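Please read all numbers here as calculations on a predicted model, not as lab measurements. These values consider heavy atoms only, across backbone and side chains, with no hydrogens, waters or symmetry-generated copies.
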Amino acid sequence: MADPQEILAARVQSALGAALGAEFAETDPVIRPSQFADYQANAALALAKRIGRAPRDVAADIVAQLDVDDLCREVEISGPGFINLTLRDDWIAAQAQALLSDPRAGVPQQDPETVAIDYSAPNVAKEMHVGHLRTTVVGDALARVLEALGHRVVRQNHIGDWGTPFGMLIEHLLDAGEDSPEAELVKTDPNAFYQAAREKFDDSAEFAARARKRVVDLQAGDPETLRLWQELVDLSKVYFNRIYAKLDVTLTDSDLAGESTYNAMLPGICEELERTGIAEISEGALCVFLEGFTGREGRPVPLIVRKSDGGYGYGTTDLATVKYRVEQLGARRLLYVIGAPQSLHLRMVWQTARKAGWLPEGVDPVHVQIGNVLGSDGKILRTRSGKPIRLMELLDEAVERATTVVADNRPDLDEATRASIARDVGIGAVKYADLSVSHDTEYVFDYDRMLALTGNTGPYLQYAAARIRSIFRKGGVDPASAEGPVVLTEPAERELALALLGFGPAVAAVGATLEPHRLCSYLFDLAQAFTAFFEQCPVLQAADPAVRESRFALIAATLQTLVAGLDLLGVRAPEQM
RNA sequence: GCACCUGUAGCUCAGUGGAAAGAGCAUCGGACUUCUAAUCCGACGGUCGCAGGUUCGAAUCCUGCCAGGUGCGCCA
């Protein structure tokens, strides 16, 4: 609604049509933020070449037709033909004030689309690692953002709940006893359970034989085996939900759509692929060979849909997810928030699905590639002993470190309040660190940096919000009662108000690009604009009551935006810090 | 060998074909009698991996090369 860039684009575009002819009325006016003004329009330079005239003359013709008196204070042609646009203070003020009464805080309502998001996807009876952490946090932020934009989001937690390991896991569960402390480990330390099963499998031929038989029983649908399998899944759900609760992730049991969900579809998928000639038997396995996919020594890379032993692999279940999400869920966008190394696999799955007709024109699958999380040594994050780090311990350590910092700085607060702040800050820091860099690149995990109160961190944004709340508390004013009117005089006021207008566009950009770090960058800029304002513009001590009211309105809008933005990222904003 | 990703300040990272490439950290120098100094301001810091090409204009697009990472048939 109040996106200056969009409004200016429309105005400049109609000026283009008026100045240069109707055939230019659709031309992109190329509005960009400017270091010399608020915005600049760069269209004249590109058009000058096309119509064979001097760029500055073209710019002058555009400006002559440009009707922006109601929103621009200054329009200036500069350099080789840039059109610099400076907004009117009263226009910015009115827009910022309008945000206060907008329940959407400027976030646009888009045409609803059904979007399936595949994210998190931990394995039953296995520890979640930092890679799962990142897909969980990024996927959840995307789900929140797309919902905020008005879309119907269907979360799909594709947990690993099927396959050969369940033979040994079930036998180990039986050996240990279903209600034993060993079984309880699945809820708290699943890797300990898994490793124990693995060791027995490796050491005991008798156990291994039982495990293999158990896999056959599982696939055959033996009721008692299925009951034990369900037992393991249920124990794991307890573990997943503990992690999700700690992380403030929106996933629930109703979002679970694990591999086993698709079992019934798999034979039909293979049959159809074979019947249509898309798949063929090779070395005993049913494979799809696609053009352009070659591996070592130029050999074609297969997508194996049925193994030579008759079993199904993840290629088949992934094909089933496409079919299910398109046909049953009616999804028009399929998001796979999955590790970057799976890129080749996914492209093969999608191309196969296209050939088979399961992925119609107009339905776009997107791989939101998640880069690895590295330790300070530049290698994949592990403990000193080389084992993967337990996610719960990692989160606890973040909270613990935050606890120390809060205790040092806020001895005046009672322990329960400090603990609550430490939780919000510690967890927020970890999540924000995952979100604030491009999701597809690797990044270096560093507690000290993510917990810092300076720089582009979660705590810095939380602190900005806490300072605003502190002002309202101290002034005995309810942020909801701040109405303005907003009047801009100080440069820091203007900067802050202008920054506020960028929230809706930033959220829309995340929805379009699926890059949550853009929202982080925006919120960091906003927090910096607020901090500058905080230093220069007293609110409670403002001599003029009108200035005081205006500043209350500005910081109320800032608070609303920061809290809404952090919420879209899944990060809490504590009352005080 | 093939494919994908990455290469930007000492470090961690942004950067929509537009003007003189940005931020944070670190370093150095400043600012608390004033709404939270867990903050802020200033300075320093660059052959945007290399070489070509396209363009009025390239960190951005194309080609080649170099370096690092990842993946490449029955685990998922």
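The same atom, C1', is picked in G46(B) and in G7(B); the two are 15 Å apart, to the nearest Å. G15(B) and A59(B) are spaced 8 Å apart, taking the C1' atom of each and rounding to whole Å. When the P atom is used for both C61(B) and A19(B), the distance is 16 Å, rounded to whole Å. Taking atom P on both nucleotides, U6(B) is separated from A21(B) by 24 Å, rounded to a whole Å. Nucleotides A9(B) and A43(B) are separated by 15 Å at their C1' atoms, to the nearest Å. Between C13(B) and G30(B), the distance separating the two C1' atoms is 27 Å to the nearest Å. C48(B) and C2(B): their P atoms are spaced 29 Å apart (whole Å). Taking atom P in both G45(B) and C32(B), the straight-line distance is 28 Å, to the nearest Å.
Distances shorter than 4.0 Å separate none of the side-chain N or O atoms of Lys49(A) from OP1 or OP2 on U55(B). The side chain of Gln342(A) contributes no N or O atom lying less than 4.0 Å from OP1 or OP2 of C4(B). Checking the phosphate oxygens (OP1, OP2) of A37(B), a side-chain nitrogen or oxygen of Arg467(A) falls inside 4.0 Å.
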What string of B, S and - do you get for nucleotides 9-18 of chain B, 5' to 3', if B is base contact, S is sugar-phosphate-only contact and - is no contact with any protein heavy atom under 4.0 Å? ---SSSSB-B
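Counting any heavy atom pair closer than 4.0 Å across all strands shown, Cys520(A) reaches no nucleic acid atom. Contact annotation for Ala285(A): base contact, defined as any heavy-atom pair under 4.0 Å involving a base atom. Within the 4.0 angstrom heavy-atom criterion, base atoms lie near Arg299(A). At the heavy-atom level, Gly455(A) lies under 4.0 Å from the strands shown only through sugar-phosphate atoms. Residue Ser308(A) is in base contact, counting any heavy-atom pair closer than 4.0 Å across all strands shown. Among the protein residues, Ala121(A) comes within range of no part of the nucleic acid, since none of its heavy atoms lies under 4.0 Å from any strand. Base engagement by Pro538(A) is indicated by at least one non-hydrogen atom pair under 4.0 Å involving a base atom. Contacts of Gly313(A) with the nucleic acid, taken as non-hydrogen atoms under 4.0 Å apart, involve only primed sugar atoms and P, OP1 or OP2.
To the nearest angstrom, C1' of G1(B) lies 18 Å from CZ of Phe293(A). Protein atom CZ of Arg410(A) is 9 Å distant from nucleotide atom P of U36(B), rounded to whole Å. Rounded to whole angstrom, the span from the CG atom of Asp57(A) across to the P atom of C56(B) amounts to 18 Å. Atom CZ of Phe534(A) and atom C1' of U39(B) are 8 Å apart (whole Å). Atom CD of Gln536(A) is separated from atom C1' of C35(B) by 15 Å (rounded to the nearest Å).
For Thr457(A) against G24(B), a side-chain-to-base donor-acceptor contact under 3.5 Å is absent. Under 3.5 Å, the side chain of Asn84(A) and the base of A19(B) form at least one donor-acceptor pair of N or O atoms.
For residues 128-138 of chain A, the pairs satisfying salt bridge (Lys or Arg N to Asp or Glu O under 4.0 Å) are Arg134(A)-Asp434(A), with sequence neighbours left out.
Judged by closest nucleotide on RNA chain B, Ala402(A) is the one of Asn123(A) and Ala402(A) placed further toward the 5' end. Nearest-nucleotide positions on RNA chain B for Asn456(A) and Val539(A) put Asn456(A) closer to the 5' end.
Using bins of under 30°, 30° to 60° and over 60° for the plane-to-plane angle, the ring pair Phe445(A)/Tyr447(A) lands in the perpendicular bin. Ring geometry for Trp350(A) versus Tyr336(A): interplanar angle of 30 to 60°, hence tilted. Between Tyr314(A) and His345(A), the ring planes lie parallel to each other; the angle is under 30°, not in the 30° to 60° tilted range.
Which of A20(B), U36(B), C4(B) sits closest to the side chain of Arg473(A) comes down to U36(B). Relative to the side chain of Pro341(A), the nucleotides G73(B), G71(B), C2(B) differ in distance, and G71(B) lies closest. Proximity note for Leu344(A) (side chain, C-beta onward) versus U36(B), A23(B), C72(B): the nearest is C72(B). Proximity note for Arg296(A) (side chain, C-beta onward) versus G1(B), A20(B), C74(B): the nearest is G1(B). Closest to the side chain of Arg347(A), from the set C74(B), A37(B), C4(B), is C4(B).
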Verify ring pair (Phe, Tyr, Trp, His ring centres under 6.0 Å) between His158(A) and Tyr262(A), making sure each step is shown before the conclusion. CA-CA 10 Å; His158(A) 193 70; Tyr262(A) 303 98; 5.7 Å; yes
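Ionic pairing of Glu76(A) and Arg56(A) is not present here: no N-O contact between side-chain nitrogen and carboxylate oxygen is shorter than 4.0 angstrom. Look at Asp202(A) and Arg198(A) and you find a salt bridge, because one of the NZ, NE, NH1 or NH2 atoms lies within 4.0 Å of a carboxylate O, short of that distance.
Under a 3.5 Å cut-off, the side chain of Gln369(A) and the backbone N or O of Ile338(A) do not form any donor-acceptor pair.
Base orientation of C28(B): anti (glycosidic angle beyond 90° from 0).
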